[in-house]
Amino acid sequence: MPAKSQAQQKAAGAALSAKRGDTKVSQLKGASKSMYESMSPKELKDLAETKRKGKPEHKSH
């Protein structure tokens, strides 16, 4: 599942980093914290690897 915005991609990258042990879980906030708790490393990797070109910074509702 590709990321729909750059912000979503960045949050997934932060959560994946914590899952791998590269950053502390206590440093996660907001979306990245909930992604860490609810998604598998493979799901996070798929979101984080999305190309940024052409993606909005934030998805409008």
Side-chain angles (χ1 to χ4, degrees):
M1 167 173 109
K4 295 184 179 176
S5 69
Q6 290 180 27
Q8 185 182 39
Q9 181 199 23
K10 290 174 191 175
L16 181 59
S17 177
K19 283 254 190 206
R20 291 179 174 166
D22 297 334
T23 58
K24 294 180 182 177
V25 178
S26 61
Q27 293 178 322
L28 298 179
K29 298 176 186 174
S32 58
K33 188 171 187 173
S34 65
M35 285 178 169
Y36 173 84
E37 295 168 352
S38 66
M39 297 177 80
S40 72
K42 184 184 181 329
E43 291 172 315
L44 291 170
K45 186 175 183 232
D46 290 344
L47 276 177
E49 286 182 338
T50 304
K51 301 268 188 245
R52 282 193 197 176
K53 189 172 185 177
K55 297 272 184 235
E57 179 60 33
H58 293 277
K59 178 151 178 18
S60 60
H61 298 280

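This is a predicted model, so every value here is computed, not measured.
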For a quick test of reading the model, state the closest non-hydrogen atom pair linking [X] to [Y] and the distance between them.
{"X": "Leu47", "Y": "Ala12", "value": "CB-CB, 3.6 Å"}
{"X": "Glu43", "Y": "Ser38", "value": "OE1-O, 4.4 Å"}
{"X": "Met35", "Y": "Ala15", "value": "CB-CB, 4.0 Å"}

**OP:** Report, as yes or no, whether the 6.0 Å neighbourhood of atom NZ on Lys10 holds more than 12 heavy atoms from other residues, nucleotides or ligands.
**Re:**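 Result for NZ/Lys10: enclosed.
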Original post:
Taking everything shown except Lys33 itself, do over 12 heavy atoms lie less than 6.0 Å from its NZ?
Top reply: no
Is a side-chain donor or acceptor of [X] paired with a backbone partner of [Y] at a separation under 3.5 angstrom?
{"X": "Ser32", "Y": "Leu28", "result": "no"}
{"X": "Lys55", "Y": "Lys4", "result": "no"}
{"X": "Gln8", "Y": "Ala3", "result": "no"}

Taking atom [atom1] of [X] and atom [atom2] of [Y], what is their separation to the nearest 0.5 Å?
{"X": "Leu44", "Y": "Met39", "atom1": "CG", "atom2": "CE", "answer": "5.0 Å"}
{"X": "Lys45", "Y": "Arg20", "atom1": "NZ", "atom2": "CZ", "answer": "7.0 Å"}
{"X": "Gln27", "Y": "Lys29", "atom1": "CD", "atom2": "NZ", "answer": "9.0 Å"}

Original post:
Below 4.5 Å, heavy atoms only, C-beta onward: do Lys42 and Asp46 meet side chain to side chain?
Top reply: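 Yes, side chains in contact.
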